[in-house]
Amino acid sequence: MSVMDAIVVTKPQARTSASLEKPSLIGLSREEMGAALREKGVAEKQIKMRVSQLWNWIYVRGVSDFDHMTNVAKDMREMLKQHFTIERPEIVEEQVSNDGTRKWLLRFPARGAGRPVEIEAVYIPEEGRGTLCISSQVGCTLTCSFCHTGTQRLVRNLTAEEILSQLLLARDRLGDFPDREAPQGTIMPAEGRKVSNIVMMGMGEPLYNFDAVKQALLIATDGDGLSLSRRRVTLSTSGVVPEIFRTGEEIGVMLAISLHAVRDDLRDILVPINKKYPLKELIEACRTYPGLSNARRITFEYVMLKDVNDSLEDAKGLIKLLKGVPAKINLIPFNPWPGTNYQCSDWEQIEKFADFINSAGYASPIRTPRGRDILAACGQLKSESERMRKTERLAFEAMMIANHGADD
């Protein structure tokens, strides 16, 4: 199958201009939703019941049209349509890889950015689970030298609505709400939810948008709504040390650290936030992460860069650095992108590196290449502002090696 055959592009209708001007109920806490209804004249004695109804329709039934809320009175539905929206973001482009990985380019309103903004979200189907990789910012401030996303400047933070809408839209498109069917030929887990796991590993640094990420993830894990297990939600950070403890204390999800080097001098180059929060501070924050145990290990992401961080000395340094921290180490073969000077480590060297870490008692899986034909891998998500021309992108996608996975 050619690269052209591997890509399916759909452009569903955009949100109407009228709905763009209305506030969305998606992403509001129950208290905020109640306040919004109260402001529009809903009687105080009805607030709790109405919020419960809306919560169920939005997050359990997955509706995106108030008219589908059949147990809500018609006059109430008319009021909701007049003042609020629950529509999904516009899908600019949907791509489907040969291996079933899906990537959506989504468009959101400007909200102070000067023009509408675009982000990418990726779905990775695997045996026994389906993982959605969610973005938290438009662009990124971190400028990690090996990361394509980091070459796109930060435009703005996403709102809780926009973060959560990525999950709702993916479940829509995969037929993952009650009484919905998946598109014909969709690759997904044979049993259970199509989206069983989410990872905050898309565009942006989640802990630089802490409040919106927190609100979105608390709604995603709410037992009366989307009801995702906190153990199936992973937040990945490059090392915003002050917010790491808060993540465990206030959100309670699994933690992943974008590590990539075991020496400060090298990590200063690969992950420049290390200059502000060096390895000693980062690892200490990991040691005190709330709920940390052998059953709730921290995942350390380590991209394999040829002749940069892939020697056995680096492997020894990694074991020494993480001593006493319940951890799993994900080795990520580097995903090339236009303009990078880095190369992926030789496969033989990656296996030697993994064997050494495994022999020291740490789980050290090598991520399976995923989405190789649609630029859907770790560090490759990037929106429209600097996209390649289609012919260039297709030629590049044909030769690249990409991967993206997720872990419980």
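A donor-acceptor pair under 3.5 Å is formed between the side chain of S359 and the backbone N or O of F356. In terms of modelled atom types and a separation under 3.5 Å, the side chain of Y302 and the main chain of N309 share a donor-acceptor contact. Under the 3.5 Å distance criterion, the side-chain polar atoms of Q215 are matched with a main-chain donor or acceptor of G27. A donor-acceptor pair under 3.5 Å is absent between the side-chain atoms of D310 and the main chain of S345, judged by distance alone. Judged by distance alone, with hydrogens and angles left aside, the side-chain atoms of E162 form a donor-acceptor pair with the main-chain N or O of T159 at under 3.5 Å. No donor-acceptor distance shorter than 3.5 angstrom exists from the side chain of D314 to the backbone of A261, with no hydrogens or angles considered. Of the possible donor and acceptor atoms, none in the side chain of N209 sits under 3.5 Å from a partner among the backbone N and O of N157. Judged by distance alone, the side chain of R156 and the main-chain N or O of Q137 form no donor-acceptor pair under 3.5 Å. Judged by distance alone, with hydrogens and angles left aside, the side-chain atoms of R171 form a donor-acceptor pair with the main-chain N or O of D176 at under 3.5 Å. A donor-acceptor pair is defined here as one N or O able to donate and one able to accept, closer than 3.5 Å; such a pair exists between the side chain of S165 and the backbone of E161.
You'll find the side chain of W55 reaches within 4.5 Å of the side chain of I219, heavy atoms only. Between T85 and P23 there is no side-chain heavy-atom pair separated by less than 4.5 Å. A heavy-atom distance below 4.5 Å is found between the side chains of I91 and R173. Side-chain contact check for R88 versus D172: some heavy-atom pair is nearer than 4.5 Å. Looking at F210 and I251, their side chains come closer than 4.5 Å, going by heavy atoms from C-beta outward. In this structure the side chain of T299 never reaches within 4.5 angstrom of the side chain of I257, judged on heavy atoms. Using a 4.5 Å heavy-atom cutoff, the side chains of D346 and K306 are in contact. Put simply, the side chain of L167 reaches to within 4.5 Å of the side chain of L226, judged on heavy atoms.
Contact detail for P206 and V213: the closest heavy-atom pair is O-CG2, 3.6 Å. Shortest non-hydrogen contact noted between D67 and D65 is N-OD1, 2.8 Å. Nearest approach of L331 to I350, heavy atoms of both residues: CD1-O, 4.2 Å. For the pair A220 and I198, the tightest heavy-atom approach, listed with the atom from each and the gap, is CB-CD1, 4.3 Å. Of all heavy-atom pairs spanning G130 and P189, the tightest one is N-CG, 3.5 Å. Closest non-hydrogen pair, R287 versus L292, comes out as O-CD2, 3.9 Å.
Looking at R246 and E249, no side-chain N of the basic residue comes within less than 4.0 Å of a carboxylate O on the acidic one, giving no salt bridge. No salt bridge links E284 with K280; every basic N to acidic carboxylate O contact stays at or beyond 4.0 Å.
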Discussion item. Go through it in stages, so that I can follow the logic: the residues are V42 and M76, the test is side-chain contact (heavy atoms from CB on, under 4.5 Å), and I'd like the CA-CA distance, side-chain angles, deciding distance and then a yes or no.
Written reply: CA-CA 9 Å; V42 176; M76 179 72 176; 3.9 Å; yes
Discussion item. Determine whether W57 and M69 satisfy the following criterion, side-chain contact (heavy atoms from CB on, under 4.5 Å), listing intermediate values before the conclusion.
Written reply: CA-CA 7 Å; W57 280 112; M69 298 181 176; 3.6 Å; yes
Fill in: L106/E118 under side-chain contact (heavy atoms from CB on, under 4.5 Å): CA gap, chis, key distance, verdict
CA-CA 5 Å; L106 306 178; E118 296 178 357; over 6 Å; no
Item to complete: Report the C-alpha separation of F84 and F66 in whole Å, then their side-chain angles, then the decisive distance to 0.1 Å, and conclude whether the ring pair (Phe, Tyr, Trp, His ring centres under 6.0 Å) test is met.
Response: CA-CA 9 Å; F84 304 107; F66 290 116; 7.3 Å; no
Discussion item. Walk me through whether D264 and K275 qualify under salt bridge (Lys or Arg N to Asp or Glu O under 4.0 Å).
Written reply: CA-CA 8 Å; D264 280 320; K275 297 173 185 176; over 6 Å; no
Item to complete: Please test L132 against V199 for side-chain contact (heavy atoms from CB on, under 4.5 Å), starting from the C-alpha separation and ending with a verdict.
Response: CA-CA 6 Å; L132 182 68; V199 291; over 6 Å; no
Worksheet item: Please walk me through it: do E205 and T237 pass side chain to side chain donor-acceptor pair (under 3.5 Å)?
Response: CA-CA 6 Å; E205 165 55 64; T237 177; 3.0 Å; yes
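Expressed to the nearest 0.5 Å, how far CG of L207 lies from CE of M200 amounts to 9.5 Å. Separation of atoms CZ (R193) and OG (S229) is listed at 9.5 Å; rounding is to 0.5 Å. Taken from OH in Y289 to CD1 in I244, the straight-line distance is 8.5 Å, to the nearest 0.5 Å. Summarising the geometry, atom CG belonging to L25 is positioned 12.0 Å from atom CD belonging to E87; distances are rounded to the nearest 0.5 Å. Taking CG from L105 and CD1 from I119, the interatomic distance works out to 8.0 Å, rounded to the nearest 0.5 Å. L235 contributes atom CG, which lies 10.5 Å from atom CD1 of I134 (distance to the nearest 0.5 angstrom).
In this structure, R61 fails the cation-pi test against F177, since its NZ or CZ atom is not both closer than 6.0 Å to the six-membered ring centre and inside 45 degrees of the ring normal.
Between L54 and the choices L28, L37, V72, V63, the side-chain contact (heavy atoms from CB on, under 4.5 Å) rule is met once, by L37.
Other residues, nucleotides and ligands contribute at most 12 non-hydrogen atoms within 6.0 Å of the NZ atom of K48.
The closest side-chain donor-acceptor pair between N197 and T131, if any, does not fall under 3.5 angstrom. A side-chain donor from one of S258 and H260 sits under 3.5 Å from a side-chain acceptor of the other. Side-chain polar atoms of W347 and E351 form a donor-acceptor pair below 3.5 angstrom.
Residues passing the salt bridge (charged side-chain N to carboxylate O under 4.0 Å, His left out) test with R50: none are found, sequence neighbours excluded.
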